[in-house]
J.: 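Pasting a structure below so you can have a look.
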Amino acid sequence: MKRKQSISQIRWDLALRYRLIETIAWWEGRLTTGHLMQSFGISRQQASKDINTYLNEHAPKNLTYDRHLKGYRPSKQFEPLFIDGSASAYLHLLNQNRDRAPHIEGLAVAYAHTEVLRVPDRSIRPEVLRPILKACREGLRLETEYVSLAHPEVEIRVMTPHTLVFTGMRWHVRAYCEKNRGYRDFVLSRFRGEPDLMDESDNTQADDEAWNTPVDVIIEPDVRLNPEQKAIIETDYGMQNGELRVATRGALVQYVLQRYQIDPNTVLANAAAQQIQVRNLQGLKAWLYA
């Protein structure tokens, strides 16, 4: 219990350094003061102090100094305290820090054997995002210029935003639209001009039924696959008892299907290309595009 309390009270900057210590040691097999120096711009003395503090106060059995490697290596008793030791967490870290990690000794080695497809950087202007964030925090209405595929010409919209959403490919804001008299999704890159903040709104997140309705999307292997093929797909997606349950919101169901590359209106002729399907598709249709 004491250890958990001490970890929770560590300053965020130290926690970040400890995370790097564990990440490099566990996944690259060799940690030196140079990793901390290059990553955080600190002196060798400070880097050495951080490693010693990590060992003395938090994880005395995690690292062993190896004179041949001229650095620390993870011990057989290594148990991470500041990172998730799963492979997916490490790969996610590489993706998050792709631009700067090649300049960090150790992670640079990993990047020599890693390639990540980049999501297009959609143009989101600060002068658009800042008032939207304020409106979300304070429950304010805002007036803005907006374009859409249905209405390519700029039109004035009055809305009350409550939540920013990243779908994996783009950012949008969930908001009450006074024109449509309902809650809609507005793509941030389609705002024009600068939104003007207005007064408080009575249309809050609590009134957004689709947002507040929990929904499970149940994904399973394509029924046309043979048992051996289904077993492969189940392992690929970490399924339990032949299914993967994705907990989401009614307002986000369509984006979950997009992330899994499932078209609810089309079934590929080749089952090996389709691979997965939605078991409870009929129950989800109320949340999908018309």
Side-chain angles (χ1 to χ4, degrees), residues 84 86 88-89 91-92 117 119 122 132 136 139 146 148-151 157 159-190 201-290:
D84 177 350
S86 67
S88 59
L91 296 174
H92 184 63
L117 295 180
V119 175
R122 301 198 181 200
I132 290 176
C136 287
Y146 189 78
S148 65
L149 296 182
H151 300 280
R157 295 288 187 102
M159 65 182 69
T160 305
H162 67 68
T163 307
L164 292 177
V165 177
F166 181 61
T167 67
M169 287 296 293
R170 72 179 192 189
W171 282 95
H172 70 254
V173 63
R174 183 76 174 171
Y176 179 83
C177 175
E178 296 190 10
K179 174 185 176 181
N180 294 297
R181 296 184 179 180
Y183 291 88
R184 299 287 189 275
D185 299 333
F186 296 91
V187 181
L188 293 187
S189 59
R190 295 178 182 174
S201 173
D202 294 329
N203 300 298
T204 66
Q205 182 188 92
D207 300 317
D208 189 345
E209 180 181 358
W211 183 262
N212 293 306
T213 303
V215 177
D216 279 351
V217 178
I218 306 175
I219 297 174
E220 64 181 0
D222 190 302
V223 295
R224 297 171 294 174
L225 297 173
N226 63 43
E228 292 76 15
Q229 291 173 320
K230 288 181 180 179
I232 293 173
I233 298 301
E234 289 173 9
T235 301
D236 284 347
Y237 288 88
M239 295 183 182
Q240 299 291 329
N241 300 318
E243 66 180 29
L244 173 66
R245 287 182 174 264
V246 181
T248 187
R249 302 173 182 272
L252 300 179
V253 167
Q254 62 217 21
Y255 304 113
V256 171
L257 298 191
Q258 289 173 9
R259 284 299 298 268
Y260 283 91
Q261 298 183 341
I262 298 174
D263 185 343
N265 301 311
T266 304
V267 176
L268 299 179
N270 185 349
Q274 179 75 32
Q275 297 191 5
I276 56 176
Q277 63 185 33
V278 180
R279 177 180 296 176
N280 61 332
L281 184 59
Q282 286 298 120
L284 301 178
K285 288 195 172 179
W287 308 113
L288 299 176
Y289 289 127

J.: How close do R157 and C177 get, heavy atom to heavy atom, and via which atoms?
T.: NH1-SG, 3.6 Å
J.: Looking at residues at least two apart in the chain, or sitting in another chain, which of them share a salt bridge (charged side-chain N to carboxylate O under 4.0 Å, His left out) with D216?
T.: R245
J.: Can you tell me which residue pairs pass the salt bridge (Lys or Arg N to Asp or Glu O under 4.0 Å) test with a partner in residues 223-235, sequence neighbours excluded?
T.: D222-R224
J.: Would you confirm whether N270, through its side chain, and A272, through its main-chain N or O, come within 3.5 Å as a donor-acceptor pair?
T.: yes
J.: Considering residues, nucleotides and ligands other than N180, do more than 12 of their heavy atoms fall under 6.0 Å from its CG?
T.: yes
J.: Among R249, R184, R174, which residue meets the salt bridge (Lys or Arg N to Asp or Glu O under 4.0 Å) test with D208?
T.: R174
J.: Under the ring pair (Phe, Tyr, Trp, His ring centres under 6.0 Å) rule, collect the residues that match up with Y237, sequence neighbours excluded.
T.: none
J.: List for me each residue that meets side chain to side chain contact (heavy atoms under 4.5 Å, CB included) alongside Q229, sequence neighbours excluded, and say none if there are none.
T.: L225, N226
J.: N203: what forms a side-chain hydrogen bond (donor to acceptor under 3.5 Å, both in side chains) with it, not counting sequence neighbours?
T.: none
J.: Can you see which heavy atom on P221 is nearest to which on M239, and at what distance?
T.: CD-SD, 3.6 Å
J.: Determine the minimum heavy-atom distance between T163 and C136, stating which atoms define it.
T.: N-SG, 3.8 Å
J.: Starting at CD of E220, measure out to CG of L244 and round the result to the nearest 0.5 Å.
T.: 11.0 Å
J.: As an exercise, state the distance from CD1 of I219 to CD of E243, rounded to the nearest 0.5 Å.
T.: 10.5 Å
J.: How far does CG of L268 sit from CD1 of I262, to the nearest 0.5 angstrom?
T.: 10.5 Å
J.: What do the steps show when you test L281 against L288 for side chain to side chain contact (heavy atoms under 4.5 Å, CB included), and what is the final call?
T.: CA-CA 10 Å; L281 184 59; L288 299 176; 4.1 Å; yes
J.: Relative to each other, are the rings of H162 and W211 parallel, tilted or perpendicular (30° and 60° limits)?
T.: perpendicular
J.: What distance do I232 atom CD1 and Q275 atom CD have between them, rounded to the nearest 0.5 Å?
T.: 9.5 Å
J.: Taking the side chain as every heavy atom from C-beta outward, state whether F186 and I132 have any pair of such atoms under 4.5 Å apart.
T.: no
J.: Does CG belonging to N241 count more than 12 external heavy atoms closer than 6.0 Å?
T.: no
J.: Mark yes or no for whether Y146, through its side chain, and V187, through its backbone, hold a donor-acceptor pair below 3.5 Å.
T.: yes
J.: So, applying side chain to side chain contact (heavy atoms under 4.5 Å, CB included) with V278, which one of I218, L257, V253, V246 is it?
T.: L257
J.: For L149 and R190, what are the C-alpha separation, side-chain angles and deciding distance, and is it a side chain to side chain contact (heavy atoms under 4.5 Å, CB included)?
T.: CA-CA 10 Å; L149 296 182; R190 295 178 182 174; 4.2 Å; yes
J.: Just jot down the side-chain hydrogen bond (donor to acceptor under 3.5 Å, both in side chains) partners of T204, sequence neighbours excluded, or say none.
T.: D207
